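Worksheet for the structure shown next.
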Amino acid sequence: MASLSPSSCTLFTTPTSNSSSRPLFAKPSHFFTHAKSTPRFRVSCNTGNGEQNMKDDSQNVDSQGKVDRRNMLFGLGGLYGAANLPSNPLAMAEPIKPPELDKCGTATNLNNKEKLDINCCPPVTQKIIDYRLPPVRFMRTRPSAHRASPEYVFKYNMAIDRMKRLPANDPRNFMQQANIHCAYCNGAYDQPGQGTLDIQVHNSWLFFPFHRWYLYFYERILGKLIGDPTFALPFWNWDNPKGMTIPPMFVDPKSALFDEKRNQSNLPPAVVDLGLTGSKDPLQVVANNLTIMYSEMIRGNKTAEDFMGKPYREGNDPDPGPGASERGSHTSVHAWVGDPREKSQEDLGNFYSAGRDPLFYCHHANVDRMWTLWQYFLPSNKVPDKKITDPDFLNAAFVFYDENAQLVRVTVRDCLDNMRMGYDFERIDLPWLDYRPPPQTARAKIIKASSDAPMASTIFPVTLDKIVRVQVPKAKKGKADELLVLEDIEVDTTKLIKVDVFVNDEDDNNNELDKAAYLGTYAQVPHKTTSKTAKTSIRLKLTDLYDDMDIDDDDTIVVTLVPRHQGGGITIGGIKIIEAPAEKSG
Ligand code: C2O
């Protein structure tokens, strides 16, 4: 627990990327208890906003928050060396700026052909305060929703009930809070000064930071409504077999946590299907889920952006590309809970309505937990590159109403450390951590030898309305660190899309993901962007798969793309294999 002395010099605790400082597992006797990490203590003197904790480019940022590009380019006056410059030289843009609330417009939900206009704009306030993280006096420990005590459930229920009873125009009201998601995700805000180009907080590197701030204020509002400064949101522990059903507290029709608009076939005891394979075998689904978690947290990523999402800067089109976690488990949970009886799979199945289901915040608390685990707990021999140091990432900003209904401006750089924000998670075992799929060597060879799949160069672009199988040449013969790139993906943003990628796999069992041949996924939740189509690309790391299948020495691999959604809606422009960029450590 962090503590603060009254002087301006502060003894406080800070997590570090050294995984030993936040133990990953509690001792067996401490499983499922609120066991605390063993933090490292540091002393610092400052105003309490913890700036000293950031290894960043603060020397390069002027009082307007603008980055002095000269300093960056010449490597002066900052911690940036050339190695930390954005890899794309055209990328010297500006960070995404917060929306102007007085220019908030109509949000749109497009449901296939039908267009639905929604007003989800917040109340307008002229005064905006630059938010400074308050000193951490009480640590809020987010509990696993399946393990929460009856007292906790009572308190949480009361807090949500009070939030629902606030006046409709109070920005802390339940619907107002739900509308935050709609406005930031369904085209109500334009990028200031960029014409009609939307702000979109999904499918890019803004995904984790935006949702972290969103939940941060949501949690503080709830705490304030029940007078409990330690109140913490529960997380839906869908990455652990013990948490793979909708948590019981959300399915009591008398509770404020209940929402009718959910898929009735997926109420408990249905096991959450993170692969959306539709498999009816619960044991297979659990094995798939653990494999997916291993793949999206560890096996499939080479760089921080592979996990976090692609760069998104001022003037860019929305939806440049989601990271592995966003497009994987995150998207599947939305789709799995959304109600097929509703036109647009409301509530969780569509971004405009997702925040109307209290379960959304519980789902996203676990998404946020995944970011924390990835940042601070995954060993650096498994995940070497954990930081994005690009100033257009660190200086991107949003606005929210805080627990006192004041409009505040927040930046990505201030949300990189959950402990500094005053909350942590109950320690729960991570059964996916060592769930590397078993080797599949002989089988992979036979499939490759007998494949008559066409070469990738001959068939793209391809619309994925059925299974597609192609041969793709390796970048380099022999042992190599390589990435598979699905490029020029054009996706209809109004539809649920999901495509799984397999390598040297047979035809008939693609509902089994717990095997070396499963490489990863592309998926999206329906939403709206400036145009109905988004252009994106994803990369999946092949290195471990080559080892697990012993196919380093082949010239080509056979890639199978398996759509899980109905119909088309996604076109892939091409597939190629590239050598992985050199490793950064962080
Ligand atoms: Cu902003 Cu899970 O969505």
Side-chain angles (χ1 to χ4, degrees), residues 96 99 107-109 118 120 122 145 176-189 198-219 233-236 238-239 246 250 259 261-263 272 274 276 292 296 307-310 312 318-339 344-371 396 398-400 410 412 415 493-498 521-529 534:
I96 292 285
T108 311
N109 178 50
I118 318 141
C120 49
Q176 293 281 354
Q177 288 292 308
N179 282 345
I180 292 172
H181 201 253
C182 167
Y184 270 105
C185 319
N186 285 69
Y189 296 135
D198 284 346
I199 293 180
Q200 171 58 259
V201 291
H202 299 90
N203 302 307
S204 80
W205 66 13
L206 294 188
F207 171 72
F208 282 112
F210 170 82
H211 291 84
R212 175 166 286 182
W213 277 121
Y214 184 14
L215 262 60
Y216 172 86
F217 290 113
Y218 196 82
E219 181 169 79
L233 286 167
F235 62 87
W236 179 1
W238 37 247
D239 57 303
I246 293 181
F250 293 93
D259 184 20
K261 295 183 182 175
R262 294 181 188 142
N263 188 332
V272 66
L274 297 183
L276 299 183
I292 288 167
E296 70 184 34
F307 177 75
M308 297 284 295
K310 285 217 162 50
Y312 175 46
D319 292 332
S325 174
E326 179 182 1
R327 66 178 187 257
S329 52
H330 160 257
T331 289
S332 293
V333 171
H334 274 277
W336 189 76
V337 180
D339 191 343
S344 305
Q345 290 73 53
E346 288 89 345
D347 282 323
L348 261 169
N350 195 298
F351 282 155
Y352 94 86
S353 53
R356 299 175 185 180
D357 187 340
L359 185 53
F360 167 87
Y361 307 87
C362 188
H363 168 38
H364 265 274
N366 205 39
V367 172
D368 191 62
R369 179 171 161 264
M370 291 305 134
W371 186 21
F398 315 105
V399 286
F400 290 94
V410 296
V412 167
C415 78
T493 58
T494 67
K495 295 178 83 175
L496 169 70
I497 301 289
K498 180 157 174 41
T521 196
Y522 172 79
Q524 71 152 16
V525 180
H527 60 292
K528 150 79 171 56
T529 53

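Counting starts at 1 for both ligands and their atoms, in listed order. Please read all numbers here as calculations on a predicted model, not as lab measurements. One-based numbering along the sequence shown.
Between I199 and Y312 the shortest heavy-atom distance is CA-OH, 3.6 Å.
Between F207 and F307, the ring centre distance reaches or exceeds 6.0 Å.
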**Request:** Begin with the C-alpha distance, continue with both residues' side-chain angles, and end with the deciding distance and a verdict on ring pair (Phe, Tyr, Trp, His ring centres under 6.0 Å) for F360 and H181.
**Result:** CA-CA 10 Å; F360 167 87; H181 201 253; 4.8 Å; yes

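Listed by chain and number, H181 NE2, H202 NE2, H211 NE2 are the protein N/O/S atoms closer than 2.8 Å to atom 1 (Cu) of ligand 1, with waters left out.
Counting heavy atoms from C-beta on, the side chains of D347 and D339 never come closer than 4.5 Å.
With H202 as reference, H211 is the one residue of R327, H527, H211 to meet the side chain to side chain donor-acceptor pair (under 3.5 Å) rule.
C362 is linked by a disulfide bond (SG atoms under 2.5 Å apart) to nothing, counting only residues two or more places apart in sequence or in another chain.
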